[in-house]
Undergrad: 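Could you have a look at this structure, given as structure tokens, before my questions?
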Amino acid sequence: MAEKKRVGILISGRGSNLQALLDAAAKPDYPAQIVRVISNVPGVLGLERAQKAGIPTAVISHKDYADRENFERAVNKQLEADGVEIVCLAGFMRVLTEYFVTCWNGRLLNIHPSLLPLFKGLHTHERAIGEGVRFAGCTVHFVVPEMDSGPIIVQAAVPVLPDDTPDLLAARVLEQEHVAYPLALALVCEGKTRIEKGLVRITDANWPKTGQISPLP
Ligand code: GRF
């Protein structure tokens, strides 16, 4: 197997997606190793999860910096010190500047709890129910300066049921997030994604069998 890619994960909270990535990376044949978890918020559950998995953590609070870019420079310094090659945002609740996004162009992933380009921003499940859509889901995408945009790597859809509340729908989508994110990161780490004209092309013979079934197996 090719050498595992060194991955850094940025979080702000509970870290259930982080946990999914930690669990995937614990498998010997997974193509990524998580070398650092950074939270901009101290004391969050995600930090505990990382520590339990034996992954080095750091808290870099945005409150300690005069502006976004200086905060991001501090994050970058840590990531560079760890030799990070790919960065995953996993419930990281800070808007990133063009500076950071450009630094990690094509190597920065995010997960968003909607079928983008629908429902960018917050309160996605409430809005999906409010619009009466029949399917909701999640998207893993490369990050570009515009929020919740950028080339889509993996999506998974789930039904919206008649009596759904935002919490019920969120839980159904979250289950799929935990499958989609490890799958997308593996594709990127194995060099099976190529961005062409702003879209991701997947170069994996098994892809139609594994990636386009929704919900994901
Ligand atoms: C997830 O729903 C993710 O899609 C969104 O923020 C939430 C983070 O949850 N970006 P967790 O911290 O991974 O549990």
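Remember, it's 1-based here, ligands and their atoms both numbered in the order they're listed. Values reported hereafter were calculated over all heavy atoms of this structure, with side chains retained and with hydrogens, waters and symmetry mates removed.
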Undergrad: Give me the ring orientation class for H62 and F71: parallel if the planes are under 30° apart, tilted from 30 to 60°, perpendicular past 60°.
TA: perpendicular
Undergrad: For R201 and I195, indicate whether the former's side chain and the latter's backbone hold a donor-acceptor pair under 3.5 Å.
TA: no
Undergrad: List for me each residue that meets side chain to side chain contact (heavy atoms under 4.5 Å, CB included) alongside R68, sequence neighbours excluded, and say none if there are none.
TA: E72, R94, V95, T97
Undergrad: Other than M93, which residues form its hydrophobic cluster under the rule that side-chain heavy atoms must be closer than 4.5 Å?
TA: L122
Undergrad: Taking any residue with a non-hydrogen atom under 4.0 angstrom from an atom of ligand 1, which ones do you get?
TA: R14, G15, S16, N17, G91, I111, H112, P113, E177
Undergrad: Quick one: does any side-chain atom of R107 pair with a main-chain N or O of E85 as donor and acceptor, under 3.5 Å?
TA: yes
Undergrad: Applying side chain to side chain contact (heavy atoms under 4.5 Å, CB included), can you list everything that pairs with T102, at least two apart in sequence or on another chain?
TA: E98
